[in-house]
Amino acid sequence: NIFNFRSVYLDAALLQKINDQTNIVDLVSEYVELTKAGKNLKGLCPFHQEKTPSFFVSPEKNIAKCMSCQTGGQPITFYKEIKGISFQEAANELAIRAGIIIEDVKKDPLDHIYKMFDETIKFYQFSLMKTEDGAHALSYLKNRAVKDETIQSYQLGYAPKKSNALYSLLRDKKYDVSDMLNYGLIRQSEEGTYYDLFLDKIIFPIHNEKGLVVGLSGRSLKKDDAVKYINSPESKIFKKSNLIYHLYQALPSIRKQKRIILTEGYMDVIAMDQAGFNETVATMGTSLTKEHVSLLSQITDNIILAYDGDQAGNQATLKAIEAFNKTKVKLDVLIFPEQLDPDEFIKKHGIQALKNHIEHHLKDPFDYRYDMYKHNRDLKNSHDMVAFKDDIIKMIKDADPSVQALYKERLAIELNIDASLIQVKSKNTPSLQLKKKETKKALPNRYFLSEVGLIIAMMQDKKYAIKASNELSNNHFADS
């Protein structure tokens with residue numbers, strides 16, 4: 001009855017204590033909308049798609065389980081499944097939440113790095129909220145309609161103009177200069193002096209899947225700066241291709257809403273969150289990678305692309321559609337008019353308009369691409385017409401036959417041509433054609449009786465069989 005946790009043995013009594021001191025209703029309510037069902041509560045299962053609630057929570061037994069897929073159990077088990085982490089990690093995190101101290105837990109070898117980032121974030125938060133130097137940064141956020149509670153929950157900060165403010169703080173707190181350099185908080189000049197990487201910038205902390213700060217992104221406050229954002233350099237813990245902004249914080253809402261809204265920018269995430277769409281996340285100034293796609297696909301089956309409405313945003317949307325093409329994700333595209341981004345749309349049209357826009361103006365990837373390929377093309381021009389037709393054929397070549405039929409018909413009407421002229425060759429279609437069966441030249445029926453007579457003679461006398469075998473071939477026989 002012992003359980004090995006990071007080289008620490010947790011006995012069954014301690015595990016039971018963690019479960020007992022974790023309120024299952026409070027825990028599950030972070031991820032599932034629950035309603036009363038007698039003495040229990042029920043909701044839609046967060047582990048599989050369903051329309052009729054089959055996920056039940058029993059306050060009396062302190063368990064939560066789906067009666068359909070059978071996933072769930074006591075608090076540690078439920079938390080392990082919902083977070084996609086190990087049993088050990090789930091037990092540890094719930095112990096911390098419950099205020100239970102686990103003695104002699106083996107420390108993460110990078111624990112001092114995470115603490116260094118925590119000190120950095122606290123310093124930048126203080127600089128934003130409590131210093132004269134940070135007043136213009138705070139004013140900028142207020143003008144962007146960022147609320148005080150949002151500043152706190154997102155741990156937004158400000159990197160001062162003073163070139164070595166952070167370096168001096170961390171040095172005084174006995175952090176190694178090599179760690180500051182390796183994890184991109186400071187740089188070294190040719191003269192050997194140290195200076196902060198982020199200067200006069202609004203700071204956005206980047207969290208990993210455990211909620212730990214692993215890197216930073218700084219936004220310039222100068223209008224004439226060619227580069228708006230700079231990020232921490234790649235390190236052992238910070239790899240942009242594997243990280244999604246706001247994913248850790250959004251997980252409870254993603255589980256409840258059963259979808260992710262994917263945007264391009266940090267301010268878009270914040271604006272969408274403040275509008276009530278906490279399931280919004282973003283990539284960090286980089287194209288969607290296969291690692292991003294894999295990560296997001298494991299979390300949900302439904303994703304809405306809500307990229308900027310300008311040309312760059314449209315191109316990014318087309319690339320994202322291609323990236324998700326081989327997954328089973330149900331992908332929808334939200335198009336913002338007037339070349340607006342999500343943040344700008346909310347400010348111009350309001351939260352209710354955004355809700356209506358999401359409810360009524362989602363497009364599937366085929367419909368979206370059809371319109372994009374048609375845009376700015378003169379279909380009376382032969383070059384544009386052929387290019388448009390080729391784009392649509394390429395788009396549907398591996399689609400479901402019913403989708404192919406729909407867009408072939410739509411394209412035929414658009415181009416005023418016969419649908420039979422639109423040939424779609426799927427790459428899944430074998431390129432080798434089956435060889436046609438050669439048809440034998442039929443002999444007149446009057447020879448049929450002669451064949452029968454010859455066969456009888458061959459069966460009765462061996463010499464006739466040998467003679468026929470030597471002198472006749474298949475071509476001498478008629479088909480029966």
For residues [X] and [Y], determine if any side-chain heavy atom of one lies less than 4.5 Å from a side-chain heavy atom of the other.
X    : Y    : value
V269 : Y154 : yes
F277 : K355 : yes
Y307 : L262 : yes
F78  : K83  : no
V281 : Y245 : no
I237 : Y114 : yes
Q315 : L318 : yes
T22  : Y79  : no

Straight-line distance of [X] [atom1] to [Y] [atom2], nearest 0.5 Å:
X    : Y    : atom1 : atom2 : result
I304 : I260 : CD1   : CD1   : 10.5 Å
D179 : L170 : CG    : CG    : 10.0 Å
L185 : M180 : CG    : CE    : 8.0 Å
L156 : Q152 : CG    : CD    : 9.0 Å
T300 : K258 : OG1   : NZ    : 8.5 Å
E119 : D172 : CD    : CG    : 11.5 Å

Could you walk me through whether F47 and I82 pass the side-chain contact (heavy atoms from CB on, under 4.5 Å) check? CA-CA 8 Å; F47 303 111; I82 201 75; 3.9 Å; yes
Check: [X] ring centroid to [Y] ring centroid under 6.0 Å:
X    : Y    : value
F388 : Y370 : yes
Y124 : Y158 : no
H246 : Y266 : no

Has [X] got more than 12 heavy atoms of other residues, nucleotides or ligands less than 6.0 Å from its [atom1]?
X    : atom1 : value
N416 : CG    : no
K347 : NZ    : yes
E149 : CD    : yes
E33  : CD    : no
R377 : CZ    : yes

Expected output: side-chain [X] to main-chain [Y] donor-acceptor under 3.5 Å:
X    : Y    : result
K408 : V403 : no
Q155 : F204 : no
S232 : L216 : yes
Q404 : I396 : yes
T317 : G313 : yes
D225 : V227 : no
N92  : Q88  : no
D273 : T280 : no
S189 : T193 : yes
D391 : Y373 : no

Between Q257, R255, R259, which is the residue that forms a side chain to side chain donor-acceptor pair (under 3.5 Å) with E279?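 Option passing the side chain to side chain donor-acceptor pair (under 3.5 Å) with E279: R259.
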Pick from H136, K162, K222, K161: which one makes a side chain to side chain donor-acceptor pair (under 3.5 Å) with D200? H136
Is [X] salt-bridged to [Y], going by a charged N under 4.0 Å from an acidic O?
X    : Y    : value
D332 : K330 : yes
K348 : E338 : yes
E322 : K290 : no
D398 : K326 : no
K173 : D118 : no
D390 : K394 : no
D367 : R410 : yes
E414 : K374 : yes

Quick one: do the [X] and [Y] side chains pair a donor with an acceptor below 3.5 Å?
X    : Y    : value
E89  : S86  : yes
Q352 : N356 : yes
H292 : N242 : no
S294 : Q298 : yes
T131 : S127 : no
R144 : Y140 : yes
T150 : Q274 : yes
H48  : E50  : yes
D268 : T263 : no

Does the side-chain hydrogen bond (donor to acceptor under 3.5 Å, both in side chains) test come out yes or no for S402 and D400, once each step is laid out? CA-CA 5 Å; S402 58; D400 183 271; 2.4 Å; yes
Contacts of D341 that satisfy salt bridge (Lys or Arg N to Asp or Glu O under 4.0 Å) - sequence neighbours left out: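 Expected list: none.
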Return the set of residues passing salt bridge (Lys or Arg N to Asp or Glu O under 4.0 Å) with D301 (not counting sequence neighbours), or none when no residue passes. none
For F55 against C66, the heavy-atom pair lying closest together: CD1-N, 3.5 Å
For residues 170-203, which residue pairs qualify under ring-ring contact (aromatic ring centres under 6.0 Å, His included), counting only residues two or more places apart or in two chains? Y167-Y194
Let's go through K319 and L288 carefully: what are the C-alpha distance in whole Å and the side-chain angles of both, what is the deciding distance for side-chain contact (heavy atoms from CB on, under 4.5 Å) to 0.1 Å, and is it a yes or a no? CA-CA 8 Å; K319 290 180 180 178; L288 202 65; over 6 Å; no
What verdict does the side-chain contact (heavy atoms from CB on, under 4.5 Å) test give for K380 and M385, after you've listed the backbone C-alpha separation in whole Å, the side-chain angles of each residue and the deciding distance to 0.1 Å? CA-CA 7 Å; K380 293 180 180 179; M385 181 183 72; over 6 Å; no
